[in-house]
Amino acid sequence: MALAFCGDEGNSTAYNVDHGVLNNGCFVDALNVVPHVFLLFITFPILFIGWGSQSSKVHIHHSTWLHFPGHNLRWILTFILLFVLVCEIAEGIVSDGVSESRHLHLYMPAGMAFLAAITSVVYYHNIETSNFPKLLIALLFYWTLAFITKTIKFVKFCDNGVGFSQLRFCLTGLLVVLYGMLLAVEINVIRVRRYVFFKTPKEVKPPEDLQDLGVRFLQPFVNLLSKGTYWWMNTFIKTAHKKPIDLKTIGKLPIAMRALTNYILLNEAFEAQKVCKAWSYGSRSIWRALCCAFGRPLLLSSTFRILADLLGFAGPLCISGIVHNIKILGVFFISSQEFLSNAYVLAVLLFFALLLQRTFLQASYYVAIETGINLRGAIQTKIYNKIMQLSTSNMSMGEMTAGQICNLVAIDTNQLMWFFFLCPNLWAMPVQIIVGVLLLYYLLGISALIGAAVIIVLAPVQYFVATKLSQAQRSTLEYSNERLKKTNEMLRGIKLLKLYAWEHIFHSSVEETRQKEMTSLKSFALYTSISIFMNAAIPIAAVLITFVVHAHLTRKADFSPSVAFASLSLFHILVSPLFLLSSVVRSTVKALVSVQKLSEFLSSEEIGEEHDKSSELRSADNHSKYQAVVSRAVSLPITNGFFTWTPEGPPALSNIDIRIPQGQLTMIVGQVGCGKSSLLLAILGEMQKISGNISWSSNCIGVLGTPVFVFFFPRKRGAVAYASQKPWLLNATVEENITFESSFNKQRYKAVIDACSLQPDIDILPHGDQTQIGERGINLSGGQRQRISVARALYQQTNVVFLDDPFSALDIHLSDHLMQEGILKMLREDKRTIVLVTHKLQYLPHADWIIAMKDGNIQREGTLKDIQKSETELFEHWKTLMNRQDQELEKENPVLERTNLRRTMYSREALLKDDEEDEEDVTESDDDDNLSSVLHQRAKMPWRACGKYLSAAGILLLPLLLLSQLLKHTVMVAIDYCLALWTEHEFDHSQYSKIFSVLCCLGIVLCLVTSIAVEWTGLKVTKKLHSSLLNKIILAPMRFFETTPLGSILNRFSADCNTIDQHIPATLECLSRSTLLCVSALAVISYVTPMFLIALVPLAIMCYFIQKYFRVASRDLQQLDDSTQLPLLSHFSETVEGLTTIRAFRYEAKFRQKLLEYTDSNNIASLFLTAANRWLEVRMEYELHAGQMMQTSKNVGFSLVFALHQVSNYLNWMVRNLADMEIQLGAVKRINGLLKTEAENYEGLLSSSQIPQNWPDRGEIQIQNLSVRYDSNLKPVLKHVNAHISPGQKIGICGRTGSGKSSFSLAFFRMVDTFEGRIIIDGIDIAKLPLQTLRSRLSIILQDPILFSGTIRFNLDPEKKCTDSMLWEALEIAQLKHVVKALPGGLDAIVTEGGENFSQGQRQLFCLARAFVRKTSIFIMDEATASIDMATENILQKVVMTAFADRTVVTIAVSDSLGRGLVLVFRCVFVLSWF
């Protein structure tokens, strides 16, 4: 066959120019090649020589990277141009299809134009990234030449009578318009940038973000092609495979996406509404502000979604055309209808339509999620700013709790984010449903409406199931929270539980709550399985009813493969929005509720202004009488002050007329509840001021070194160093808590550490002052928390220091040292104004000014001498208390160190040992090519954990699960294959309809079986794993709890159990379904279209590498997203709890900046995760649609349905679920790690019959050569201890920290390893006793009082062995009977978590009563008086001398103040002496 540009060379008409050169079609086509050859000739050297040799210059981070004017329009026009050129090529090929010669001029110019268009956009991109616009002159000439030549061709078509009926005419006209518009864009670039034809070119700087190389999220800055395909993510994904992703890797957010930028947008939207007189933070105002600030990108997302949904219908329409007509036409000029009748043309159009559809869909998803993330950041910042202005009464009066605020941040902002993500569906779903139903009606007639009605009628049922599912999830969450509360209490009090042998009680309590949770989980699993079942069964039912009705009621109707498979494809499309409807409605309802809660929060009362205009007017008169004094000494006078916590409530402070001397020590004293702390808060502006004035002189504002003015007037308060009564610590290092955002001064820092006696504490912490303090200081004792809080106040350089009861949790020596070295030496000698609230009256002689309070009023103020003269009775009362406290100080042995440092040395030794082991492991792995092994582990799936999970299901469920899934998908394939056979044999509707109906019914049943099997498997596994975990933990030795962080154990019961309960079953079901659907679909396509196997191998290889790279990046980003959310929520929680301290220090701006940093870190991780998901889906979709073009056979409709709606939809889900499963199986792996913990040996050598019922009845203790250690690989803490304690004897044990006192007491309960010697109690070696028996027969009071939430009765007698009279007797002995009687419910009065509704002393007395209830003959007190006041200690003395007169009492204390007859002194690990 001849091949020539103009066709057969012997054909004279091809080269005939008798009527003019331009009237020869072949010559005009040749003329159209010239511009394209010109561009290729000009640009190739520049592209391959210029930029090719300097590839680093065009790196995506290049600082000169920017967009020229009309950037997006140019890319859009280029894409349209490429599509039209493809159509022109196809039209030329189809026109020349059956000729004897090939006329290259019909499609070669279009091919050259296609190549030139691609070159033009690549050339433009390189010029743009280099910011070198002068080279665009080549494109200016190209667009001009292309426009002229194409216009000539179009004009000649018109001259020769070629019109709109011919496709080539339409395509040529479109090309003229496109080239003209691209020429206009090029001219506009010249006009704006002035790079040619102007004397002074306009210099344009790149975006500020791109000049900062720390910005690595480049979606807003890349070109349109890279935006649509996420091409810029390629480098990131490949880098993630080489090394783990961290915050440094993902960099900073672009300025437009930062929380501050979006907060300003939102705030401006609110401010715009404030012009209305009746404006408030109502729900409507919030919705209007959100729409105003974030409505435009949401509208863009909705547009993309609607376009994607409309393009989605190209699939069914093309299926109908491809299956119906497979003929090739061969004419020179063809019409549009003839062109679209070609199956190959339709296949190509389908490919482009699907590419565009998926691109628009992913763009819609991305824009919606990005908008939601930006909105979340803005709302979180808005909430935080509101928190900073919240009135303290909102928190203290319970109107707004920290939990509610954290829920608002963690849950409600996320609800709004997901609503914005789903919001485009509100507009897109109706369009999709209407178009789908119309097309079905067009294909099938009335039977289509019946099938659609089935789907629509079942939609409310689906919504009902979704509602029930939501309720079950809420119920499960409530029981889960209750279980976690009990588990948390159990773990916090595990030492007490083991010492009292109460493990089984709390184990049963947790299991009981777990059973309730499991009942809710069963409901959750049931409704989940129904929901999964309906999702799978409804399309089958709709198709069954539609096709059976269509075949039997309309027998003469068309039931060809084209109609059947196009309808089947439409049903798949139609089902999706109806199923999504329930999620969208539920999300909308949740968003409405969240906005209502946000409205209530934003409308809550704010802290008042410190000074109003009226107070300024009154200030001169009110302070004139003080003026002479003020110029000399007064720093802060308050006149006629009335303060309240709530505007409607009575005054908490009345008639406050005081003055606080400048540069001196002022002490505020008074009984508990008289208003001392309230007075400090009132001065700080935290209380509502009813009347009066608080005036701050200029010397009170700022830091040391500022000029001091003698006259003062009402002004805004400056920073005050404030240590609250309840210590507030950051989740940061010890050093960061002390310096508190101030610059580090080594000399001052060391002085503060010494003044607060913190050096010994720091020495025993695992990492010294760089040790991370847990949330709320959980890993520190009360005294340590108190001293770090005071150290923060001492470190600051403010002129004013407020200390609210800083000695409350300190023993007498620590208190005295802090007073002398910290308050007197560091503060008063620096002439700082100090206000000290205290109960330690022995320090009153140090005070320069004393304020005595009573019942919210000022009882007296003045110096100690003034009060001695004027208030003799008050002074004598003080003097009595001071003398008693001084005597106590003298009785203390000054050599003995404090004992509230309860961190035993072995803990640090163990940590150091663990660190050494870790280092050894690292060293070994370094030798074995550490990096490659780590990367290999990151790329591997945790198959072992998966096996552990599935094996926990048992030998019956696992085969059922696998078999049901395989059968179900086999039947699904059979249904579609039956349909294909049915449509080929239209004459036998009856036989095929019966087979089709049976298969459909079987498929529906199997859908139900598989959904139930998956959820049932999940229930069995979660029940087994939680039960095993709880049993292991409750029986673990105490050593395990001392070396394992509490938060780590609790996370296994909370986050990991929740993952196994609710997430793994759903992910497993989705993964198995999507995998089997993909496999079955690929098998069907390969069977029907064997040519597909040619494309399948490279596609499979590409898919493998894509999923391999994606899984690693996705897992790292998911973990980073979770890990960056924790500091954010923790920061909110810390701020709410420390709001008073933050405002006192005037650190609002610093904490706001921290919030912005945390928010941006979380948002950048979320955005990268979103971009990674889009990156995966775009690539998978493009590859699969490329593979679809290989399908040509008589059953092409059969295979296209599988390709369009199974492979394309489910392959993405398979990869994403694989990544999710990999992360979620980490929970199984961690729990299995804890299940390897060895339990304590609870069995004994003696049986219950060999142990006397009332043992021990006398309380005689013999200690013979006792040596104990905490672990077999640690040094002994006691060596060769010998002692004999007679029945009823009172023994005191004292010694330095770490000398073994507590270890000695724990040895009685076998809580430590006794590797030598023995303890004999009443003639029985305790090593032979069962642990349960031993521990239940002894009693102990620990230093830290531990109470559990519940009733007083439960706390005293959880075993329910005692009568009410016995409990009242114990309370009376502990001096608590009157307290409990006054409570509502008496013995059944509620005890809150940790006993927070009782004072520290009262909690200690309850522990004493609990010990007395047990009525054991041996009673041990482990530093029970270390942190209680003198009055409580007197009560304990009385109890020990009377109620325990006939019992053996062993007391560990820092003094012999309890009247014991014998004291045992420990030094190091040896017994030193008896006396």
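Not measured: the values here are computed from a predicted model.
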CD (E1359) with more than 12 external heavy atoms under 6.0 Å: yes
task: Any chance you could lay out the side-chain contact (heavy atoms from CB on, under 4.5 Å) test for S1011 and I530, step after step, and finish with the verdict?
output: CA-CA 7 Å; S1011 60; I530 292 173; over 6 Å; no
Residues that D1357 engages under side chain to side chain donor-acceptor pair (under 3.5 Å), provided they are two or more places apart: none
query: Do you see a donor-acceptor pair shorter than 3.5 Å between the side chains of E1015 and T528?
result: no
task: Output the distance between atom CG (L1030) and atom OG1 (T487), rounded to the nearest 0.5 Å.
output: 7.0 Å
- prompt: Does S480 reach the main-chain N or O of T476 with its side chain, forming a donor-acceptor pair under 3.5 Å?
  reply: no
Nearest non-hydrogen partners of D1056 and A1227, listed with the distance: OD1-CB, 3.6 Å
- request: Check whether any side-chain heavy atom of V1021 sits under 4.5 Å from a side-chain heavy atom of I1064, and report yes or no.
  value: no
Test item: N1031 side-chain N/O and S1027 main-chain N/O as donor-acceptor pair under 3.5 Å: yes
message: Check whether S475 reaches the backbone of Q471 with its side chain - one donor and one acceptor, N or O, closer than 3.5 Å.
response: no
Nearest-0.5 Å distance, CG of residue L1120 to OG of residue S1166: 9.0 Å
- prompt: Under 4.5 Å between any side-chain heavy atoms of I1033 and F1041, yes or no?
  reply: yes
message: Working to the nearest 0.5 angstrom, can you tell me the gap between I494 CD1 and I1034 CD1?
response: 4.5 Å
- request: Walk me through it: do T1059 and R1230 pass the test side-chain contact (heavy atoms from CB on, under 4.5 Å)?
  value: CA-CA 12 Å; T1059 299; R1230 288 187 291 271; over 6 Å; no
field: For the student: nearest non-hydrogen atoms of L1218 and L1071, plus distance
entry: N-CD1, 3.9 Å
message: So does L1117 get a backbone contact from the side chain of D1121, meaning a donor-acceptor N/O pair under 3.5 Å?
response: no
message: Does atom NZ (K1032) have a neighbourhood of more than 12 heavy atoms from anything else shown, all under 6.0 Å?
response: yes
query: Between CG of L497 and NE2 of H504, what distance do you get to the nearest 0.5 Å?
result: 10.5 Å
Partner residues of F1110 under the ring pair (Phe, Tyr, Trp, His ring centres under 6.0 Å) criterion, sequence neighbours left out: none
field: Spatial distance of atom CD1 (I1060) from atom NE2 (H1026) [nearest 0.5 Å]
entry: 10.0 Å
message: Do M1038 and L1306 make a side-chain contact, defined as non-hydrogen atoms from C-beta onward lying under 4.5 Å apart?
response: no
message: Would the distance check show the side chain of E489 and the main-chain N or O of S1349 forming a donor-acceptor pair, the cut-off being under 3.5 Å?
response: yes
Donor-acceptor pair, side chain of N414 and main chain of A410, under 3.5 angstrom: yes
Charged N-O contact under 4.0 Å between K498 and E1240: yes
query: Is it the case that more than 12 heavy atoms not belonging to W502 sit under 6.0 Å from its CH2 atom?
result: yes
task: May I ask you to decide if the ring planes of F506 and F1348 are parallel, tilted or perpendicular, using 30° and 60° as cut-offs?
output: tilted
query: Would a 4.5 Å heavy-atom cut-off, applied to side chains only, mark R1410 and R1414 as touching?
result: no
query: Would you say I505 and S509 make side-chain contact, with heavy atoms under 4.5 Å?
result: no
Contact summary for F533 and L1008, nearest pair of heavy atoms: CD1-N, 3.4 Å
- request: Rounded to the nearest 0.5 Å, what's the gap from CE on M518 to OG1 on T513? Could you check?
  value: 13.5 Å
N/O donor-acceptor pair under 3.5 Å between T1237 side chain and L1234 backbone: yes
query: So, does S1130 use its side chain to make a donor-acceptor pair with the main chain of L1126 at under 3.5 Å?
result: no
task: Give the C-alpha distance, both sets of side-chain angles, the deciding distance and a yes or no for side-chain contact (heavy atoms from CB on, under 4.5 Å) between K1023 and L521.
output: CA-CA 10 Å; K1023 184 177 181 180; L521 275 172; over 6 Å; no
- prompt: In chain order, what residues pass the ring pair (Phe, Tyr, Trp, His ring centres under 6.0 Å) check against W418, with sequence neighbours excluded?
  reply: F421
query: Below 4.5 Å, heavy atoms only, C-beta onward: do K1108 and V1112 meet side chain to side chain?
result: no
query: Has the side chain of R483 got a donor or acceptor atom that lies under 3.5 Å from a matching backbone atom of F1053?
result: yes
task: For the pair E482 and K485, find out whether any cationic side-chain nitrogen is under 4.0 Å from an anionic carboxylate oxygen.
output: no
- prompt: Minimum heavy-atom separation for I1352 to F1406, with atom names?
  reply: CG2-CE2, 3.8 Å
field: Contact check, side chains of E503 and R1335, non-hydrogen atoms, under 4.5 Å
entry: yes
message: Looking at every heavy atom in both S964 and A1013, which two are closest together, and how far apart are they?
response: OG-CB, 4.2 Å
task: For the pair R1337 and I1251, evaluate side-chain contact (heavy atoms from CB on, under 4.5 Å) and give the outcome as yes or no after the intermediate values.
output: CA-CA 11 Å; R1337 306 288 179 90; I1251 305 167; 4.2 Å; yes
query: Is there a donor-acceptor pair closer than 3.5 Å between any side-chain N or O of S531 and the backbone N or O of Y527?
result: no
query: Is any side-chain heavy atom of L1235 closer than 4.5 Å to a side-chain heavy atom of R1052?
result: no
query: For the residue pair P244 and D1116, what are the closest heavy atoms and their distance?
result: CA-OD2, 3.6 Å
